[in-house]
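See structure below.
What you are looking at is a predicted structure, and each value in this text was computed from that prediction instead of being measured. In each ligand, atom 1 is the first atom listed, and ligand 1 is the first ligand listed.
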Amino acid sequence: MEIITDISSLRSFLKNKASIAFVPTMGNLHEGHLSLVQMAKQQAECTVVSIFVNHLQFSPTEDFNQYPRTLEKDCTLLKDNDVTVVFTPSERTLYPEAQKVLLNLPPVANTLEGEYRPGFFQGVATVVLKLFNIVQPQVAIFGKKDYQQFYIVQEMARQLNFPIDILAGETIRAADGLALSSRNGYLNNDERIEASRLYKMLLLIKQAIEQGNKNFQKLQDNAKRILTQSGWKVDYIALQQRNTLNQATVEDHELVVLGAAWLNKTRLIDNLEIHD
Ligand code: PAF
């Protein structure tokens, strides 16, 4: 496995590769990331994983400084998973000057995560676009855990004519249902036990709708109430159309329920697709 930190070395290494599958990450890798790597390996001769904590997608009050950086452990895991190249650019390599060219995203980027994390998707889309231009993969893989991120990257690639297939990997969960996430590491023991409640509330909504319940408002309100009573601060519990991420109406099918809530100082997100 090659570990490459600069753009020109990466470009020359990848020049003659027949096909490239790309998994962008911010490191602190877990089974969720590794399942994306496994998908990537089935798609192309060469698998590239990037590790870069992108300041552009963090607001000044967020956890950019605290975000876990575990490069050595990540590289061991990627080597064990037969990745071809790890691209670990420095801040200076990816942003040699202040990034003034930023992507203007469609209104969906201002909803859900975008409402609570203004500028987040602009930061994500801008770094993903830079990474796409650097790596030039045929396939790129994102986790469904970040459902809206996957949706927006797919829209970006489609509308900007990137010749890249954007694939989604399923969310990997702990035994109690908690979606694996680097931010789970912020939870203390008690919080870790409580943390799967977000998933359980989304599951209740999914099951109710799959059994014919159409009272979307009540289902969302109940979930918010139970989470709040259990000590959470809920940002949103939202039923949306899968193919637009617009708010769902009772006539809609192909839905997804998404949630974001704070458990003390840790913000968790999750979602479940609904097959009614
Ligand atoms: O999902 C992530 O880890 C990040 O948002 C991404 C896609 C690597 C961009 O920084």
Side-chain angles (χ1 to χ4, degrees), residues 5 7 10 20-37 39-40 47-59 62-71 73-75 77-78 83 85-91 93-95 99 101-103 105 108-109 112-114 116-135 137 139-157 160 162 164-172 179-186 245 258 260 266-271:
T5 54
I7 296 172
L10 183 72
I20 300 168
F22 176 44
V23 182
T25 81
M26 298 206 298
N28 194 235
L29 304 179
H30 49 66
E31 285 301 322
H33 297 108
L34 298 179
S35 74
L36 305 182
V37 167
M39 270 178 81
T47 311
V48 179
V49 175
S50 65
I51 297 180
F52 180 71
V53 185
N54 174 39
H55 80 266
L56 219 58
Q57 68 192 71
F58 290 79
S59 79
E62 289 183 333
D63 55 345
F64 175 72
N65 290 329
Q66 195 192 348
Y67 199 87
R69 287 149 170 96
T70 52
L71 186 59
K73 188 164 158 255
D74 292 344
C75 287
L77 279 173
L78 295 174
V83 162
V85 188
V86 186
F87 179 50
T88 59
S90 67
E91 177 75 22
T93 298
L94 224 47
Y95 297 116
Q99 183 72 28
V101 177
L102 298 163
L103 263 184
L105 294 171
V108 66
L112 305 166
E113 282 306 279
Y116 291 89
R117 304 184 66 187
F120 170 66
F121 286 119
Q122 189 175 55
V124 169
T126 303
V127 80
V128 168
L129 189 146
K130 283 167 79 90
L131 290 166
F132 280 180
N133 281 333
I134 293 166
V135 177
V139 177
I141 307 186
F142 294 79
K144 277 194 195 174
K145 158 81 175 25
D146 297 296
Y147 204 87
Q148 193 180 7
Q149 169 174 280
F150 167 70
Y151 180 87
I152 286 170
V153 169
Q154 209 179 25
E155 282 297 283
M156 174 187 89
L160 297 181
F162 274 90
I164 304 176
D165 283 336
I166 311 294
L167 304 184
E170 293 301 325
T171 301
I172 305 297
L180 297 194
S181 159
S182 301
R183 289 191 169 99
N184 295 350
Y186 299 156
L245 282 195
L258 305 105
T266 306
R267 186 171 184 277
L268 298 178
I269 63 170
D270 202 350
N271 64 81

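- Near T25, the atoms of ligand 1 lying under 4.0 angstrom from a non-hydrogen atom of the residue are 8 (C).
- Of all protein heavy atoms, the one lying nearest to atom 10 (O) of ligand 1 is Q57 OE1, 2.7 Å.
- Here the heavy atom of the protein found nearest to atom 5 (O) of ligand 1 is Q149 OE1, 2.7 Å.
- Interface of V127 with ligand 1, defined as ligand atoms under 4.0 Å from a residue heavy atom, comprises 9 (C), 10 (O).
- Using a 4.5 Å heavy-atom threshold, the side chains of V53 and F58 count as touching.
- Using cut-offs of 30° and 60° on the angle between ring planes, the pair F52 and Y95 is tilted.
- With rounding to the nearest 0.5 angstrom, the CG atom of L167 is 5.0 Å from the CE atom of M39.
- No option in R183, R267, R117 other than R117 meets the salt bridge (Lys or Arg N to Asp or Glu O under 4.0 Å) test with E62.
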